[in-house]
Amino acid sequence: MRPPRTFLRPLAVGAPAPVTEIPVKPSRMIHFFDPSNEKMAAKVPDIAAKVDIILGNLEDAIKTEMKEAARQGLVDIAKKTDFGETQLWTRVNSLDSPWVLDDLTTLVTEIGDKLDVIMVPKVEGAQDIHYVDRLLAQLEARAGLDRPILVHAILETAQGMVNVEEIAGASPRMQGLSLGPADLAASRRMKTTRVGGGHPGYLVRTDPVSDDLTEGRTTAQQDLWHYTIARMVDACAAHDILPFYGPFGDIKDVVACEDQFRNAYLLGCVGAWSLHPVQIDIAKKVFSPDPADVAHAKRVVEAMGDGSGAVMIDGKMEDDASCKQCLVMLDLAKALAERDPELAEAYDL
Ligand code: 1VU
Ligand code: MG
């Protein structure tokens, strides 16, 4: 780890100065597309106008023989598209793959001025971020970029989970973390075959009521991902970076997708991945605070004045701590209202 006094120094001569704070922009969904798929690529300008983040994916889900076409496709799309306020991200191939060096070199050189964040998959420890950090600084210096490209790590190996805190704090470039439940399940040898979401076999059961062990016993499905998401959220909050839920693979089950996204929202995540256009509106709905919650937050903050002491509102005690929760809700609502006129009207801030 670099000592505090050198943490914010550029890692290459001529590289832009690292950021001191991660910009908190609306980030409700990271919409994945395959830049080698002409149909999907043609939809990018329209989709970019509807999402907070659009991501050109180069890693898993791109066939081996299409890796180079995807990289070039992303360069072409980025050069000809005006993304407006929407952030442009990419997911490069993993650091042990034969493609990642060309991914980073080509993208920073060709479209570094348009790229906000590079998502790095299968990050296992701070050493992976340090490698990317130095290489990006060299490439940024050579390309003459005037702002640093940020880095987002996917937590999708057991080793990455064990090292989650050092990953979150490994560089001032660290923008956030996403949970990658499918690779993580494989790495942990979990006996599941799904991409995120719950599992009906993971449950607790009430005690027996008679000698018949099957009689009158209710079960409740438990959340396979609770521990992991909570750990990720704490690591992110401690390092002032942003946590995201990753993919939900059952595209047709829009109801369970909404549940998974909402669990992540309630635990502190700022957004989730959308893999298909149908998941965009789900993320938008879930990760935008409910207008009733915003109205309540406003009432509490107004009643609390300078934020100290305690008041009763609708029979409930509100104090400094609940007021701080309400301020979190209001800050998010204000940021979203600036981007979305419909939400601005609904929130009436
Ligand atoms: O109506 P059209 O035929 O013109 O278009 C199709 C389709 O091309 C388009 N579409 C998309 N457009 C933009 N972005 C997308 N992500 C996207 N997905 C589909 O929408 C129209 C309707 O599509 P569909 O319902 O017929 O669906 P398809 O069978 O064409 O595609 C489904 C998959 C899941 C294959 C597709 O959505 C996809 O490839 N999504 C991205 C997958 C991905 O990025 N995976 C990696 C992240 S997850 C991970 O790493 C761990 C598991
Ligand atoms: Mg993965």
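Atoms within a ligand are numbered from 1 in the order they appear, just like the ligands themselves.
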Nearest neighbour of [atom] from the list [options], on a heavy-atom basis:
| atom | options | answer |
| --- | --- | --- |
| atom 46 (C) of ligand 1 | E59, R91, K43, K39 | R91 |
| atom 45 (N) of ligand 1 | A61, P121, P277 | A61 |
| atom 23 (O) of ligand 1 | M119, H276, M40 | H276 |

Taking N or O atoms only and a 3.5 Å limit, does A182 qualify as a polar contact for ligand 1?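 Not met; the criterion fails.
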Which atom names give the shortest non-hydrogen contact between R217 and T206, and what distance separates them?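 Residues R217 and T206, closest heavy atoms: NE-O, 2.7 Å.
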Using every non-hydrogen atom in the two residues, find where L336 and P26 come nearest and quote the distance to one decimal.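 Nearest heavy atoms, L336 then P26: CD2-CB, 3.6 Å.
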Any atoms of ligand 1 less than 4.0 Å from a non-hydrogen atom of [X]? List them with their elements.
| X | value |
| --- | --- |
| D60 | 46 (C) |
| P247 | 48 (S), 51 (C) |
| L275 | 15 (C), 16 (N), 18 (N), 37 (O), 38 (C), 40 (N), 41 (C), 47 (C), 48 (S) |
| N57 | 44 (O), 46 (C) |
| V195 | 52 (C) |

If I take the Mg ion (ligand 2) as the centre, what angle separates the OD2 atom of D183 from the OE1 atom of E156? Nearest 10 degrees is fine.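 Taking the Mg ion (ligand 2) as the apex, I get 90° for this pair.
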For E215, give me all partners under side chain to side chain donor-acceptor pair (under 3.5 Å), at least two apart in sequence or on another chain.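 E215 satisfies side chain to side chain donor-acceptor pair (under 3.5 Å) with S210 only.
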If you scan the protein for heavy atoms around [atom], do you find one that is closer than 4.0 Å?
| atom | value |
| --- | --- |
| atom 34 (C) of ligand 1 | no |
| atom 2 (P) of ligand 1 | yes |
| atom 10 (N) of ligand 1 | yes |
| atom 31 (O) of ligand 1 | no |

Does any non-hydrogen side-chain atom of P16 lie less than 4.5 Å from one of D146?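 No, side chains not in contact.
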Heavy-atom side-chain contact between Y265 and P289 under 4.5 Å: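 The answer is yes; the side chains approach within 4.5 Å.
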Would you compute the distance between atom CD of E68 and atom CG of D102 and round it to the nearest 0.5 angstrom?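 Here the interatomic distance stands at 7.0 Å.
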Hey, are [X] and [Y] close enough for a salt bridge, meaning a charged N less than 4.0 Å from a carboxylate O?
| X | Y | answer |
| --- | --- | --- |
| K122 | D60 | yes |
| K334 | E338 | no |
| D133 | R2 | yes |
| D52 | K284 | no |

With heavy atoms only and a cut-off of under 4.0 Å, state how N37 meets ligand 1: side chain, backbone, both or neither.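 Answer for N37: neither.
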Measuring from non-hydrogen atoms of H31 to any atom of ligand 1, is the shortest distance under 4.0 Å?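 Yes.
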Please assess H276 against F32 for the test ring pair (Phe, Tyr, Trp, His ring centres under 6.0 Å), listing each intermediate value before the final yes or no. CA-CA 8 Å; H276 185 280; F32 275 59; over 10 Å; no
Closest protein heavy atom (residue, atom, distance) for atom 13 (C) of ligand 1: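 Of every protein heavy atom, I47 CD1, 3.4 Å lies nearest to atom 13 (C) of ligand 1.
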